[in-house]
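Single-structure report; data block below.
Keep in mind that this is a model prediction, so the values were computed, not measured. For this chain, numbers begin at 1 and follow the sequence in order.
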Amino acid sequence: MPRGGRREAVRLRPGRSSRQIRESRPGWDLWRDGVIPGDADHPGEQLHQVAARTDAVLDRIRPLLSDGDVAVVAHGHLARVLTVRWLGLDASASRLLGHPHPGTLSFLATEDGQPFISAWNVS
């Protein structure tokens, strides 16, 4: 991402794990149901909003690729959404990718004009 880019993250409701959310909302799924809204300071972000942000990032990145590779640093959930949007899939397809471990690398590329994942969660 060009200098001055924003660091992005998808946040679950502060202080609550996925397991805790499922205790009060059986069957809840982040990729289907989105973030459980918190208070006014932590309203949460719905999946379509995250997809729109990652689409905007990809729109900024694509023109730069003609000059070479571009590095993007992202939170694990955001990396999953960015990857499926790179592939042209709905953001809910993010559930198909394993959560990247901290400090790992993933590589997105194109072959014959078609986007693909060349490596995922590599340490």
Side-chain angles (χ1 to χ4, degrees):
M1 175 175 281
R3 286 187 183 174
R6 291 182 13 199
R7 184 175 141 196
E8 307 289 352
V10 178
R11 295 186 180 119
L12 296 177
R13 188 171 178 182
R16 296 185 70 195
S17 68
S18 296
R19 183 184 52 77
Q20 291 168 322
I21 293 170
R22 285 189 189 99
E23 287 174 1
S24 63
R25 293 178 182 237
W28 172 82
D29 178 78
L30 173 64
W31 304 111
R32 182 190 62 232
D33 304 323
V35 174
I36 305 298
D39 57 26
D41 292 330
H42 304 94
E45 187 174 34
Q46 296 304 306
L47 192 53
H48 69 90
Q49 294 169 308
V50 178
R53 284 193 302 117
T54 58
D55 289 347
V57 169
L58 289 170
D59 288 345
R60 289 175 58 195
I61 288 171
R62 284 187 180 102
L64 302 174
L65 293 172
S66 61
D67 294 330
D69 294 339
V70 175
V72 177
V73 178
H75 181 277
H77 287 326
L78 188 74
R80 291 163 80 174
V81 175
L82 185 128
T83 299
V84 299
R85 298 303 293 153
W86 171 259
L87 297 172
L89 302 173
D90 185 78
S92 64
S94 299
R95 73 168 40 94
L96 302 173
L97 298 172
H99 194 289
H101 295 97
T104 60
L105 300 173
S106 297
F107 298 90
L108 306 177
T110 59
E111 184 174 330
D112 298 325
Q114 297 298 311
F116 73 99
I117 302 169
S118 62
W120 185 255
N121 203 22
V122 178
S123 50

Counting neighbours of NE2 on His101 that are heavy atoms of other residues, nucleotides or ligands and sit closer than 6.0 Å, is the number greater than 12? no
Identify, with sequence neighbours excluded, every residue that meets side-chain hydrogen bond (donor to acceptor under 3.5 Å, both in side chains) alongside Ser24. Arg16
For Trp28 and Ile21, work out which heavy atoms get closest and say how close. CD2-CG2, 3.6 Å
Which heavy-atom pair separates Glu45 from Val35 by the least distance, and what is that distance? O-CG2, 3.3 Å
Between CZ of Arg22 and CG of Leu30, what distance do you get to the nearest 0.5 Å? 8.5 Å
Apart from Leu105 itself, its cluster of hydrophobic side chains linked below 4.5 Å comprises Phe107
Do you know the tightest heavy-atom contact between Leu65 and Trp86? CD1-CH2, 3.8 Å
Which residues pass the salt bridge (charged side-chain N to carboxylate O under 4.0 Å, His left out) test with Glu23, sequence neighbours left out? Arg19
One should read off an interatomic distance between Leu87 CG and Ile117 CD1, to the nearest 0.5 angstrom, of 5.0 Å
Shortest non-hydrogen contact from Val70 toward Leu64: CG2-CB, 3.8 Å
Between the side chain of Arg53 and the main-chain N/O of Leu78, is any donor-acceptor distance below 3.5 Å? no
What distance separates Leu108 CG from Ile61 CD1, expressed to the nearest 0.5 Å? 9.0 Å
Give every residue pair that meets the salt bridge (charged side-chain N to carboxylate O under 4.0 Å, His left out) criterion with at least one member in residues 80-109, sequence neighbours excluded. Asp29-Arg95, Asp55-Arg85
With sequence neighbours left out, the residues meeting salt bridge (charged side-chain N to carboxylate O under 4.0 Å, His left out) with Asp59 are Arg62
Selection residues 104-120 - residue pairs positive for side-chain hydrogen bond (donor to acceptor under 3.5 Å, both in side chains), sequence neighbours left out: Thr104-Asn121
Ignoring hydrogens, what is the shortest heavy-atom contact between Ala51 and Val81? Give both atom names and the distance. CA-CG1, 4.1 Å
Determine the minimum heavy-atom distance between Ala79 and Ala74, stating which atoms define it. N-CB, 4.1 Å
In this structure, CG of Leu89 is separated from CG of Leu96 (nearest 0.5 Å) by 8.0 Å
